[in-house]
K.L.:
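Handing you a structure now.
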Amino acid sequence: MRDASITLIAIVGPTASGKTALGIDLATELGGEIVSADSRQIYRGMDIGTAKATRAERDRIPHHLLDVVEPDQVLTLAEYQAAAYRAIEDIARRGRLPLLVGGTGQYVAAVLEGWQIPEVAPQESLRRELEAYAAENGAEALHGRLAGIDPAAAAAIDYRNVRRVIRALEVCLVTGRPISELQRKSGPPYTIAQLGVTRPRPELYERIDWRVDRMIDAGLVAEVRGLAGAGYAWDLPAMTGLGYRQIGQYLRGEVTLDEAIALIKRDTRRFVRQQYNWFRPGDESIRWIDPSQTSSGDLLAYLSERLKSQPV
RNA sequence: GCCGGGGUAGCUCAGUUGGUAGAGCACGCGACUGAAAAUUGCGGUGUCCCCAGUUCAAGUCUGGGCCUCGGCA
C-alpha cells in the first residue's frame, strides 16, 4: 500500500470554507480527480444538506466516494479507508492526479497517517449488551471493566464517553488483545501535499448562515421529507447529520422552521470548531490558505515546488 | 407629565442580613483508530448604567441623573 511514487494532494479545512470549489479548480488545472473525505456525502439522495458537488461539477471532474451507500447503510471508517486507498491508487494508475477533499477529520487522518485499524467489525449484539450494562451500572462501572483489560486504553478514554469505551471493550473482547496495542499508524502512504482552506472565523460563520439559507431555498425541507417518507428512520447516522436532524425536528412538530434553521446554523458553527481540532492552524504539514487572499497561480507555484520531485 | 417595573457576561436572567459576582444558551479550547456532521471533556470571557454620599467594605443602602418597559394622562 505504501507507494511514495504516488502523489496525493489533500484539501482539508472546516465546512463552508470553499474546499469543494478549490478542489475542482485544482483538478481542472492539474488533470486530477476528486476523492471525497466526507462522512455525509457518501449517502445517496442526500445532496442539498451535505453541500455535495453539483451534477455539472461532477460531469466535469470525476468524484469518487460520493453516493456509495443508501442512507440506512453504514460505511465504517475501515471500509472508507480501504475504499479511499483503492480510489487513489486507481486514479494514479491511470496517470491522473488524486485530490483528497473533505472535512471529516477522522477520514482524512486515517488515510494520510496510515492508520492500522483493528480488524473487528461492529458487533451489534455485544454493543447492545454493553450499553445495557452501562445503563444499569453506570458509565464508570463499564469503564472499570475496560480498565481491568486494557489500562492504557482506559486511561485515554473519558469514562463518560460510553460509545468509545464500548468500542474499546469490543475490540479487546473479540481479539483477546488490548486495543491500545492494536492501534498503530504506518505513516503517510504516499507523497502528500496538504492544503488547508480557512477564513477568519466571523467570515466563516457568515458563509455558513448564507449557505444554510440557500439550502432551504434549494429545497432542503423537501429533501428531508422525501427521505423520511421513504422510510429512513430519524436515528440513522445519515439522518442525524447537520440539517437533516434539525429539519427532522421541524417535520415532527418539535420546533418551527425558523427555529430549525437557527439550530442548523448554530450546530454548524459548533461543527467548525470541532473540525479545527483535526485541522490545526499551527500544523506545519498543512499549507493554510484563505481563498479570498490567495490566487490559484500562487497555489500552483507552491504545489509544483512542493512536489517538484514528482511530475504534477 | 404622573405612577410602577427594570438597567449585572455576547443574549436571557439570578444574586440571601452590605464582604470586588454566577446559571443556561452563545462563545472559546481539547479528546478522537470499524457510528465521526457521531460521541465526549474542560473553560466565565464582567466599567454590576453614571455621579455623589453613608460605610473598614456598596451589584446590594441613600440622593441625584440617564436609559428602557408597562400603566394612567
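Convention: sequence-line order gives letters A, B, ...; per-chain numbering from 1.
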K.L.:
If you look at every strand shown and take non-hydrogen atoms under 4.0 Å, does L75(A) touch a base, only sugar-phosphate, or nothing?
P.N.:
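Sugar-phosphate, no base atom in range.
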K.L.:
With a 4.0 Å cut-off on heavy atoms, is R127(A) in touch with a base, just the backbone sugar-phosphate, or nothing at all?
P.N.:
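Result for R127(A) = base.
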K.L.:
Salt bridge check: are D47(A) and K52(A) linked by an N-O gap of less than 4.0 Å?
P.N.:
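Between K52(A) and D47(A) there is a salt bridge, with a charged N closer than 4.0 Å to a carboxylate O.
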K.L.:
R160(A) side chain N/O closer than 4.0 Å to the phosphate oxygens (OP1, OP2) of C42(B)?
P.N.:
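Checking R160(A) against C42(B): at least one side-chain N or O falls below 4.0 Å of OP1 or OP2.
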K.L.:
Across all strands shown, which nucleotide pairs with A36(B) by Watson-Crick or G-U wobble geometry, both distances under 3.5 Å?
P.N.:
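Per the H-bond distance test, none.
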K.L.:
Quick one: is U33(B) close enough that its OP1 or OP2 comes under 4.0 Å of any side-chain N or O from R164(A)?
P.N.:
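Affirmative; the distance criterion is met.
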K.L.:
Tell me the interatomic distance from F271(A), atom CZ, to C27(B), atom C1', rounded to whole angstroms.
P.N.:
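Result: 18 Å.
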K.L.:
May I ask you to say what Y159(A) touches in the nucleic acid, namely base, sugar-phosphate or nothing, with a heavy-atom cut-off under 4.0 Å?
P.N.:
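Nothing, no nucleic acid heavy atom in range.
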K.L.:
Is any side-chain N or O of R280(A) closer than 4.0 Å to OP1 or OP2 of A31(B)?
P.N.:
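So the side-chain polar atoms of R280(A) do come within 4.0 Å of the phosphate oxygens OP1 or OP2 of A31(B), strictly under.
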K.L.:
Under 4.0 Å between a side-chain nitrogen and a carboxylate oxygen: does that hold for D59(A) and R55(A)?
P.N.:
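Salt bridge flag = yes for R55(A) with D59(A).
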K.L.:
Please tell me if R167(A) has a side-chain N or O lying less than 4.0 Å from either OP1 or OP2 of G34(B).
P.N.:
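The answer is yes; a side-chain N or O of R167(A) sits under 4.0 Å from OP1 or OP2.
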K.L.:
Taking any strand in view, what nucleotide pairs with C56(B) in a Watson-Crick or G-U wobble way, both distances under 3.5 Å?
P.N.:
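By the stated definition (distances under 3.5 Å), G19(B) pairs with C56(B).
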K.L.:
Students often get this wrong, so: under 4.0 angstrom with heavy atoms, is L77(A) touching a base, only sugar-phosphate, or nothing?
P.N.:
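L77(A): backbone/sugar contact only, no base atoms under 4.0 Å.
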K.L.:
Any carboxylate oxygen within less than 4.0 angstrom of a Lys/Arg side-chain nitrogen, looking at D150(A) and R145(A)?
P.N.:
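Salt bridge between D150(A) and R145(A), a charged N being under 4.0 Å from a carboxylate O: no.
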K.L.:
So does R201(A) get a side-chain nitrogen or oxygen closer than 4.0 Å to the phosphate oxygens (OP1/OP2) of G28(B)?
P.N.:
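So the side-chain polar atoms of R201(A) do come within 4.0 Å of the phosphate oxygens OP1 or OP2 of G28(B), strictly under.
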K.L.:
Could you tell me whether P237(A) contacts a base, only the sugar-phosphate backbone, or nothing, with contacts defined as non-hydrogen atoms closer than 4.0 Å?
P.N.:
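Contact class for P237(A): sugar-phosphate only.
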K.L.:
E170(A) CD to A35(B) C1': how many Å, rounded?
P.N.:
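It is 11 Å, rounded to the nearest whole Å.
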K.L.:
What's E259(A) touching, base or sugar-phosphate or nothing? Going by heavy atoms closer than 4.0 Å.
P.N.:
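Nothing, no heavy atom under 4.0 Å.
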K.L.:
For the pair Y107(A) and Y80(A), name the ring-plane relationship: parallel under 30°, tilted 30 to 60°, perpendicular over 60°.
P.N.:
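If you compare the ring of Y107(A) with that of Y80(A), the planes turn out parallel.
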K.L.:
Ignoring hydrogens and angles, does a donor from either the side chain of N161(A) or the base of U39(B) sit under 3.5 Å from an acceptor on the other?
P.N.:
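Per atom types, the contact qualifies.
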K.L.:
Between G24(B) and C51(B), how far is it from one P atom to the other, in whole Å?
P.N.:
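Comparing P positions in G24(B) and C51(B) gives a spacing of 32 Å.
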K.L.:
With a 3.5 angstrom cut-off on both distances, give the Watson-Crick or G-U wobble partner of C48(B), or none if there isn't one.
P.N.:
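None - no nucleotide pairs with C48(B), as no candidate has both distances under 3.5 Å.
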K.L.:
Compare side-chain N and O positions of N277(A) against OP1 and OP2 of G30(B) and report whether any pair is under 4.0 Å apart.
P.N.:
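Yes, because at least one side-chain N or O of N277(A) sits under 4.0 Å from OP1 or OP2 of G30(B).
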K.L.:
With a cut-off of less than 4.0 Å, is there a side-chain N or O of R273(A) near OP1 or OP2 of C27(B)?
P.N.:
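R273(A) to C27(B) OP1/OP2: side-chain N or O found under 4.0 Å.
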K.L.:
Can M215(A) be reached from W210(A) by stepping across I, L, V, M, F, W or Y side chains whose heavy atoms are under 4.5 Å apart?
P.N.:
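Different clusters: W210(A) never reaches M215(A) through Ile, Leu, Val, Met, Phe, Trp or Tyr contacts under 4.5 Å.
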K.L.:
Could you tell me whether G243(A) contacts a base, only the sugar-phosphate backbone, or nothing, with contacts defined as non-hydrogen atoms closer than 4.0 Å?
P.N.:
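Here G243(A) touches no strand at all.
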K.L.:
Assign T268(A) to base, sugar-phosphate, or nothing according to its heavy-atom contacts below 4.0 angstrom with the strands shown.
P.N.:
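Nothing, no heavy atom under 4.0 Å.
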K.L.:
Compare side-chain N and O positions of Y107(A) against OP1 and OP2 of C32(B) and report whether any pair is under 4.0 Å apart.
P.N.:
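No, Y107(A) has no side-chain N/O under 4.0 Å of OP1/OP2 on C32(B).
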K.L.:
What's E113(A) touching, base or sugar-phosphate or nothing? Going by heavy atoms closer than 4.0 Å.
P.N.:
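Contact class for E113(A): none.
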K.L.:
Looking at R160(A) and D158(A), is any side-chain nitrogen of the basic one under 4.0 Å from a carboxylate oxygen of the acidic one?
P.N.:
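Yes.
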K.L.:
Considering only G34(B), A31(B), G28(B), which nucleotide approaches the side chain of Q274(A) most closely?
P.N.:
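Nucleotide nearest to Q274(A)'s side chain: A31(B).
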K.L.:
Starting at CG of D158(A) and ending at P of G41(B), how long is that distance when rounded to a whole Å?
P.N.:
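Going from CG in D158(A) over to P in G41(B) covers 6 Å.
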K.L.:
Using a 4.0 Å heavy-atom cut-off, does D267(A) contact any base of the nucleic acid, only the sugar-phosphate backbone, or nothing at all?
P.N.:
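Nothing, no heavy atom under 4.0 Å.
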K.L.:
With P as the reference atom in both, quote the distance from G6(B) to A52(B) in angstrom, rounded to an integer.
P.N.:
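Here G6(B) and A52(B) have their P atoms 25 Å from each other.
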